[in-house]
Amino acid sequence: MTYCVGLRLDRGLVFMSDTRTNAGVDNFSKTRKMFQWGVPGERLITLMTAGNLATTQALVSLIEERVKAVGDRDPSILRAPSMFQVARMVGSTLKEVIAQSAPVGQTGDAAFQATVIVGGQIKGGAPTMFMIYPEGNFIEVTSETPFFQIGETKYGRPILVRAYEPHMRFEDAVKLLLVSFDSTVRSNLSVAPPFDLMVYENDAYAPLLDRRIEQDDAVYQSISTGWGDALRTAFDQLPTFDL
């Protein structure tokens, strides 16, 4: 399992993913789930994956193959005229990979399923983000749905729903995501640090911040401890239910 979140803010986009994969309770490992492609000054595209590892690795490898030989191989996301067309290409590629993995055909709830978040900006268009389903179809962020989650989503969602604001600073958005990820880590063994983080500011066409947050990161540990203490304090201050 995994956990990935993409947020759209007024200032730009924020992406975070964990790195744990598992094939049973005694077989955990780490692998990257966030990937980037770009052309300086013209576009930056970020992709995060969740689901069957063989499927997601094949998807990324196929995208990489088509990107590295831009002049010879199409479709390439580095030649797409818009982020909508990037989402179409990624969706089509994902559907292709799943179909090749299972010749009889697979549906979204089958063994080879995978879900993808892809976002970024291409010059001439606004920054945006899409969630792509195993069938290849996708939806785009809106003011009513300003963030996407894939993987193990239920434990980290409540804090996002309660605290997200489109005008929040990048620093606060990262803090919000760290609380969301920490809540998920504490509730599910299949999600764990390190976390990959990418912050993108509108019209930059390059990451504002691109880093890995390790388990022993001082800020992460402080947020984790502080959030736990704050919850206990808030709980103690709630009215008592009289029996």
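Quick note: numbers below take in every heavy atom, side chains included, and nothing from hydrogens, waters or symmetry partners. Values in this document were obtained by computation on a predicted structure and should not be read as measured data.
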Q: List the steps, then state whether salt bridge (charged side-chain N to carboxylate O under 4.0 Å, His left out) holds for Glu96 with Arg66.
A: CA-CA 14 Å; Glu96 174 189 343; Arg66 291 168 177 171; 3.6 Å; yes
Q.
Set out, in order, the CA-CA distance, both residues' side-chain angles and the distance that settles side chain to side chain contact (heavy atoms under 4.5 Å, CB included) for Tyr205 and Val39, then state yes or no.
A. CA-CA 8 Å; Tyr205 308 108; Val39 177; over 6 Å; no
Q) What do you reckon, is CZ of Arg11 surrounded by more than 12 foreign heavy atoms closer than 6.0 Å? A) yes
Q) So, are Arg169 and Glu201 salt-bridged, with charged N and O less than 4.0 Å apart? A) no
Q) Can you find a side-chain donor-acceptor pair between Thr21 and Thr31 that sits under 3.5 Å? A) no
Q | Interatomic spacing from OG1 in Thr184 to CZ in Arg157 - rounded to 0.5 Å | A | 12.0 Å
Q.
Return the OG to CE distance between Ser76 and Met89, rounded to the nearest 0.5 Å.
A. 7.0 Å
Q.
Between Arg32 and Asp18, is the salt bridge (charged side-chain N to carboxylate O under 4.0 Å, His left out) condition met? List the steps.
A. CA-CA 8 Å; Arg32 177 172 287 275; Asp18 86 317; over 6 Å; no
(Q) Once side-chain hydrogen bond (donor to acceptor under 3.5 Å, both in side chains) is applied, what residue pairs with a partner in residues 121-134 remain, sequence neighbours excluded? (A) Gln121-Tyr200, Gln121-Asp203, Thr128-Glu140
Q. Once you round to the nearest 0.5 Å, how far does CE of Met34 lie from CD1 of Ile117?
A. 9.0 Å
Q: Report, as yes or no, whether the 6.0 Å neighbourhood of atom CZ on Arg20 holds more than 12 heavy atoms from other residues, nucleotides or ligands.
A: yes
Q.
Strictly below 4.0 Å, N to O, side chains only: are Lys154 and Glu152 in salt-bridge contact?
A. yes
Q: Mark yes when over 12 heavy atoms from residues, nucleotides or ligands other than Leu231 sit less than 6.0 Å from its CG; otherwise mark no.
A: yes
Q: Would you sort out whether Ile98 and Gln113 count as a side chain to side chain contact (heavy atoms under 4.5 Å, CB included), showing the intermediate values?
A: CA-CA 7 Å; Ile98 293 174; Gln113 74 165 357; 5.6 Å; no
Q.
Check for me whether the distance between the ring centres of Phe84 and Phe138 falls short of 6.0 Å.
A. yes
Q: Given salt bridge (charged side-chain N to carboxylate O under 4.0 Å, His left out), test Lys33 with Asp196 step by step and report yes or no.
A: CA-CA 8 Å; Lys33 302 165 190 175; Asp196 287 324; over 6 Å; no
List the atom pairs, with distances to 0.1 Å, where a side-chain N or O of residues 174-183 and a protein N or O form a donor-acceptor pair under 3.5 Å, not counting sequence neighbours.
residue, atom, partner, partner atom, Å
Ser180, OG, Tyr3, OH, 2.7
Ser180, OG, Gly156, O, 2.8
Asp182, OD1, Tyr220, OH, 3.1
Asp182, OD1, Ser224, OG, 2.9
Asp182, OD2, Arg186, NE, 3.2
Asp182, OD2, Ser224, OG, 3.1
Ser183, OG, Val179, O, 3.0

Q. According to the side-chain hydrogen bond (donor to acceptor under 3.5 Å, both in side chains) rule, which pairs have a member within residues 231-243, sequence neighbours left out?
A. Asp229-Arg232
